Asks: 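What follows is a single structure, and I will ask about it in a moment.
Remember, it's a predicted structure, so these values are computed and weren't measured experimentally.
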Amino acid sequence: MDQSQASGPGHVSVLSCFPPSVGRDVAFAVVKPLRASMGNPDSHSLLCTDRQVRWTMEVLCYGLTLPLDGDTVRLCVDVYTDWLMALVFPRDSIPLPVSRDPNLYIQKILRHLYNLFLPRSDQGSPVYQSLCQQVLCAVQTLARESSTMSRDTWESLLHFLLRINHAMLAPPTAAGGVSHLSMAVLLEVWLLSCCRCFPSRSLWQTCRRMLSGWRHQPAVVEQWSRVVAALTSRFLLLSFGPFFPAFKVPEEDAALIPADLDDDRVPETWFRFLHMFGNPVDLSRPVLVCSTPSVQEEPLRHGDGRLPNIFFRAMRGVSTLVDAFLGVTVVNKEPTELLPNTGPSARTHFRDRLPSFGVAVTKSAFKDRLPSYGFSRPRSGSAPPTPVNILSMPSAPPSTNTTPSHNSRLKAANVSKATSKPPAVLSSSHHWKSNSPPSTPSLCSSPRPSPSPLRCKVDSVLHLFGFWLFEAALVHRDSAGRDDVTVMSERWGPGRAEACGTLCRIFTCKKTAENILPVYLARFYLVLLQDLQVWEGSCPTVLASILLNSTRLFCCDLPGVNLLFPSFVSALENVLLNRELLRFRSFVNLVDLRRSSIQVLLSLLPLPLQFGSVQSEVLPDRQVSGDDVTATSFLSLRPRLFSVLVGALQTETDASNTQVILAAMLNLVQDSALVQAAGHTQQETESWPGVARRRRWTSDTSELSGTRWTTGTNAAGVLWVQVVRLLTQRLTAHWKNEPAVCLSALEVLGGLAKIEVEVEEAERRGAVSSVCGHIVYQCSRPPPLHSRDLHSVIVTAFHCLNVWLTQHPALLNQQDCLLEVLEIVELGISGSKSRQGQEGTSKEDKELNPASHRVKEAAEATLSCVMQVSGGFLTVGDSPNEDALAGLNENRLKKFRYFAVDGSVILAMLEEHTGPGQALCPSLTVVIRGPSGHHTWTLQLHLQPRDGRILSQKTLIPDHQGAVQDDAGIRCGIKHLLFPENTDRVLPVDADLSIPALNEEVSEEVQQQLDRLRVALRTQRQIEAWLRDSGSPVVMTTCKPPPPVSNFQTARLFLSNLGLLTPETLKDPGTSGVPAQLVSLDPSLPGFSEDLRCLDQVSSRTCDCAFIFYVRAGQRTSAEILRNVESRCNIPSHFLDFLSSLGRPVEAGQPQKSGVSASEFSTVLGDSGGGSFNGERFVLKFTDALTEVTFIIPSSSSSSSSHSLSFQWLKSPEETRLESQSNLQFSPDFTSEPTSPPDEDFKPCFATVASSECKVLIVWVEHFEDIESFPLSELLSETKKQTPKRSLNVQVIFIHPLKTGLYRICYRGNATSKVSVVVPLVNGSVVSKRSLGFLVRETVINCCHRRRLESDSAPPPYVRRKHMISDVILRYRNRCSEPAFYSALFRDL
């Protein structure tokens, strides 16, 4: 069927030869009794012979051409639609000849019905639309339910549908209200024909040729997109199997595909329907769109109409198909606001629309079977259909779910509610040639799920859709000048943007070991170089679409992708440095746009230091002249990148985006500091083999080896200062009311404190002051604003303060800094400062009212940190306990006196001399167990200052051993004077009388004592006189001092010097469960020694743990993964370098500071690939003043037993405590001796592991797509029976090495967490090898810290030790009286 036949007149009746009045009267007279017989079930058809039927059909054919002012046309339609059912369910009302040979007569009926659809003056009336819909529904029912149609009838049916659609859709005017229905019926019937009678090749060609002339109608592209999407869903299921993510389409669209369509015909049907629409890019060429000869020239004059929106809709449909082939599970959603409804063209239900026409429609058998086209009807009571842009709603954080539920997808589909309003009269103007500029369609900016690992190759997708996408991405650019491009870009921009975004998604879905044809790469880079040009007339829609879909472009190892580096930097400057983004506001969610731009920036930040002064050649503006070539080095763009990063932080208002920028800042500063410390600023290009072959560089090898970045000798220090100042300024001025941003900013400040750079001490002092000011502001907020999140921020601020003080202890040497820190500690403990301006309050008079108990405990931890840093509690080495001081024997506890002070400190005192030469000096060894840790002190009492002890170590009492003196016993008369003799010569004055004599102020009690003294003196004189008078000889000897005392009760002296031996400290407060300030403990009670040992095993540091796995390409099971680290030949060297950067080898269960040295990493590693650190003998441990992180690499040998070492971390702290009480064995070596207690060496290691509430996994993957199939559930299967929700607490950090020598990070955190962004390694980060170990450690520490903030079951170590000490005191305190307490102090042990 050619175009002339398609647009020609319908079947001509013989009545056309007569005057119109005659034909009208004859037609009405004939059709009226026929229609009346249809309504009577007892009557039979009036026509009995073929001749009668043929004559009647001539009359009906003429009646269909009459005007609609009468009922003739309606009656003719009712008769013919009833006769069409002869192939479905024959009735008595159908003539007998038609029932005998239905195929022949139905073919004629279809040719006659075409007259109804011929152009007429009243085709916009509701009656006409109702009649057309009645015919279309009857044809649809015929195709659906008939099982006896011949091939000729099928072809006639398809020809009929093609002709009527051509009559309605080919003109350049807006199609009528049944355009959607007619196109939908055509495509559905065509699908039914593919199932029951496959159309011939010529028919397919005819359909494609005719449909290419209807593409200017919105109904065509919309219905085509529906059918192709439904076919694609069926085709993908057959091609990729049930494990491939299902491409979900609305149920009404999925029902279009016949259930009995043979699977062998699905691929051909899908391919032919895909290309039935032709090249969508032709929509951008109006001269090719309309094939009607009368209007072929018109589009050239009015080509600036609504075609761009139709072009966008077509490209959106192609984009949806691409997502389906990539395994991105998205819903086939069609935005209703893109193509405005023109009157009755809205896709509403026909049954709900019939009464709105205002005409009497006789009941027909087809009205009850009318299909539902368009959107399904909502429930009663639902809101009217309002176009909602889902992109303007607040977007949720990136979910880690790979496949949303079926119901959630279908709920997202657009829904229209049926309306009873009559349709508007169609305008005669060309709706697709309107001069009014259409609104810019919205871009899809919501986060997309990760592509499926089972997706097809990039080349395969480009073979199918690449020709359309590449051509659409450059539409109206190649043949137009710059001025023309400026005019056309805004109009055709949405379609180009959809094509560019789809291309970016295709190329970013490249698998790790996949190769792409160079021709496709070249075309793709050309498209981006053209569309990323930022100038005044550039299209913002295209730029936004590229940025939204290029977040992974620079981290998927695309050959030559760094050619785009300068272009992307310019594009990021255009977006991130613009606070308002007015050009983008109308069509995209600005938060999503900025988030995608920040993700692109994350992947660009490490490139300058990685490639240094390597230069790339770029040909701007499609010029080929050598003079126009611009060469830009990577290092020269580093200042611009930093400016973009700083500007993005200053203009960003979204909390999640701000946290990602903060993480990027810490990564940048750390990498710069390491590069500067190493003495160079660029990596060797040998780390990327074949770089010269894959890229076109302008610098030679000599330039690479000799060029250095010379922006300053202390560039890292300057960068550190700028970042710290910016963060502290915004923390105190802009972010103080955003808890999530405050947490990340404080964590970044803590990380910056650990970076070693040369800066002035005043800069560090300023950072500490800012943190203190932040604590003051948060604590001073009104009580209604206090919440758990606010207190978590304060606790994190105190922790950040601890990091700064421990990393830079010289800060406490500054008096003002120490005073400020102590005031903050006082504020946290008591709730207020003693010094408020000029006024001060005594600390004894203050009422303790802290912001919360957690804040108070954090402030106490900071006070302990200050004492340790300032020298109050030295932490050099491990403090000895009773076993080291008194020996390992049963009586060691009997040598110690145990006291508890303030219910929070346990003192163990050993009253023994600790060394030679100190025998005459009182000495005491005190083991102090407090919340801050375990410390041992030795105290000695000297009567001389430290300087005088060197000259004399003897006692001050002289030892006289001379002979007896000659004058011994001779009494000399000496007059003792209280005052000099000349005193009596001085005349007294009144002032002398101010001091009374002793005998004048003597009380009665003193007088009695004086009387007793006089009696004693009188008795002594009498005895001495008696000896002289008796004459007996008296032997006189020299008086000697007594020997020095060797038992001093030093414990009593120590407690007395501390002011603890007073009645007030020993008095019981009378409160149940609250001991006195000073109580003694009874070490003889059973369990005392074990409880002290358990207390000593609880570290004062935060003990975190992470498990490391290595996943080779294609591995899916845990057994394969655990075997990788058994042999070194399975592991690359850079993975071992990463392990060595995490921590030092330590023997499992040994004290924190003991173990092998860091230089023995290779010795411990041996021939294994890291399996030596599986926790059986060795682990990797990183320790500083506040944190202890243990890294364990589980291996197959460590998981061979039922109680595997590598799976102990999966159990909760409570489960671990119960297992330790029941003597559960950790190691397979002890399974043969179930009665013996577990080895003590293993307890500290796994106590530390089990006490970590947050479980962190670090997974090294060779292929990035293996992340989706990582067997996390298999690793957690051993504890699912006991703790089914344990997997919610597992955080996974995936590390993927790139060919550039950089590392791509994928973070899968807890979806239920309030704070989803943990710095510094966020999802999408790209880091260097230098910074990888540091950043992984910081992420593990921060991740575990966040978990402790959110969970009440995981208190910090300071609180955990405090609670254990309280339990020991309440359990073992000695309930004795005060006299018994004092007598015990004087009694030797």
Side-chain angles (χ1 to χ4, degrees), residues 10-11 13 15 23-47 52-99 102 105-106 108-118 120 122-123 125-142 145-146 160 164 178 181-182 185 350-351 353-355 357-371:
H11 185 79
S13 173
L15 290 178
R24 182 170 58 253
D25 295 340
V26 171
F28 182 76
V30 172
V31 75
K32 185 175 181 180
L34 290 176
R35 180 63 182 86
S37 63
M38 291 171 51
N40 187 1
D42 298 331
S43 62
H44 297 276
S45 176
L46 303 176
L47 307 177
Q52 294 173 351
V53 172
R54 286 195 297 270
W55 183 87
T56 304
M57 291 180 65
E58 291 291 330
V59 175
L60 294 176
C61 177
Y62 180 79
L64 291 173
T65 62
L66 295 176
L68 298 176
D69 52 359
D71 293 337
T72 305
V73 178
R74 180 179 59 81
L75 296 177
C76 293
V77 170
D78 289 343
V79 171
Y80 263 166
T81 53
D82 185 68
W83 290 5
L84 285 176
M85 297 299 103
L87 281 173
V88 181
F89 40 88
R91 292 192 296 264
D92 294 337
S93 60
I94 301 176
L96 185 61
V98 176
S99 299
Y105 283 98
I106 287 179
K108 294 181 180 180
I109 290 173
L110 292 175
R111 288 195 293 270
H112 292 177
L113 284 175
Y114 174 67
N115 292 332
L116 177 66
F117 296 89
L118 290 175
R120 58 178 68 206
D122 51 359
Q123 64 181 7
S125 64
V127 176
Y128 176 76
Q129 296 179 18
S130 176
L131 295 176
C132 293
Q133 290 176 349
Q134 183 177 345
V135 172
L136 291 172
C137 293
V139 170
Q140 184 189 43
T141 303
L142 174 66
E145 302 180 11
S146 176
F160 166 73
I164 65 174
V178 293
L181 180 60
S182 62
V185 172
F350 172 54
R351 283 176 291 186
R353 197 161 56 232
L354 280 178
F357 293 130
V359 296
V361 182
T362 306
K363 182 178 179 181
S364 174
F366 317 109
K367 295 172 187 173
D368 298 331
R369 299 190 300 272
L370 295 178

Asks: Run the side chain to side chain donor-acceptor pair (under 3.5 Å) test against Tyr105 and tell me which residues pass, sequence neighbours left out.
Replies: Asp50

Asks: Using the six-membered ring wherever Trp is involved, compare the ring planes of Phe160 and Phe117 and label them parallel, tilted or perpendicular (cut-offs 30° and 60°).
Replies: perpendicular

Asks: Examine distances only and state if a side-chain atom of Thr81 and a backbone atom of Val77 form a donor-acceptor pair shorter than 3.5 Å.
Replies: yes

Asks: Testing the basics here: between Tyr80 and His112, what is the closest heavy-atom pair and its distance to 0.1 Å?
Replies: OH-ND1, 2.7 Å

Asks: Ala27 and Val59: which non-hydrogen atoms are nearest, and at how many Å?
Replies: CA-CG1, 3.4 Å

Asks: Say you draw a straight line from CE of Met57 to CD1 of Ile109; how long is it, rounded to the nearest 0.5 Å?
Replies: 4.5 Å

Asks: Gln133 and Val178: which non-hydrogen atoms are nearest, and at how many Å?
Replies: CG-CG1, 3.2 Å

Asks: When rounded to the nearest 0.5 angstrom, what distance separates CG in Leu118 from CD1 in Ile164?
Replies: 11.0 Å

Asks: Within a strict 4.5 Å, meaning less than it, do heavy atoms of the Lys108 and Arg54 side chains meet?
Replies: yes

Asks: Can you name the nearest heavy-atom pair linking Thr141 to Val88, along with the distance?
Replies: O-CG2, 4.3 Å

Asks: Mind checking what makes side chain to side chain donor-acceptor pair (under 3.5 Å) contact with Ser182, not counting sequence neighbours?
Replies: Asn165

Asks: Is there a donor-acceptor contact under 3.5 Å from the side chain of Arg35 to the main chain of Thr72?
Replies: no

Asks: Show the nearest heavy-atom pair for residues Val98 and Trp83, with the distance to one decimal.
Replies: CG1-O, 4.3 Å

Asks: Run through Ile94, Leu110, Val79 and flag the one making a side chain to side chain contact (heavy atoms under 4.5 Å, CB included) with Leu84.
Replies: Leu110

Asks: Distance from Leu116 atom CG to Cys76 atom SG, nearest 0.5 Å?
Replies: 10.0 Å

Asks: Heavy atoms, side chains only, cut-off 4.5 Å: are Leu75 and Phe28 in contact?
Replies: yes

Asks: Between CG of Asp71 and NZ of Lys32, what distance do you get to the nearest 0.5 Å?
Replies: 9.0 Å

Asks: Sequence neighbours excluded, which residues qualify as side chain to side chain contact (heavy atoms under 4.5 Å, CB included) partners of Pro102?
Replies: Ala86, Leu87, Ile106

Asks: If you define the side chain from C-beta out and look only at heavy atoms, does anything of Asn115 sit under 4.5 Å from Cys61?
Replies: yes

Asks: Working to the nearest 0.5 angstrom, can you tell me the gap between Arg120 CZ and Leu66 CG?
Replies: 8.0 Å

Asks: Quick check: closest heavy atoms across Asp78 and Met38, and the distance to 0.1 Å?
Replies: O-CE, 3.3 Å

Asks: The test is side-chain contact (heavy atoms from CB on, under 4.5 Å); show your working for Val30 and Trp55 and say whether it passes.
Replies: CA-CA 10 Å; Val30 172; Trp55 183 87; 3.9 Å; yes

Asks: Would you compute the distance between atom CG of Leu131 and atom CG of Leu136 and round it to the nearest 0.5 angstrom?
Replies: 11.0 Å

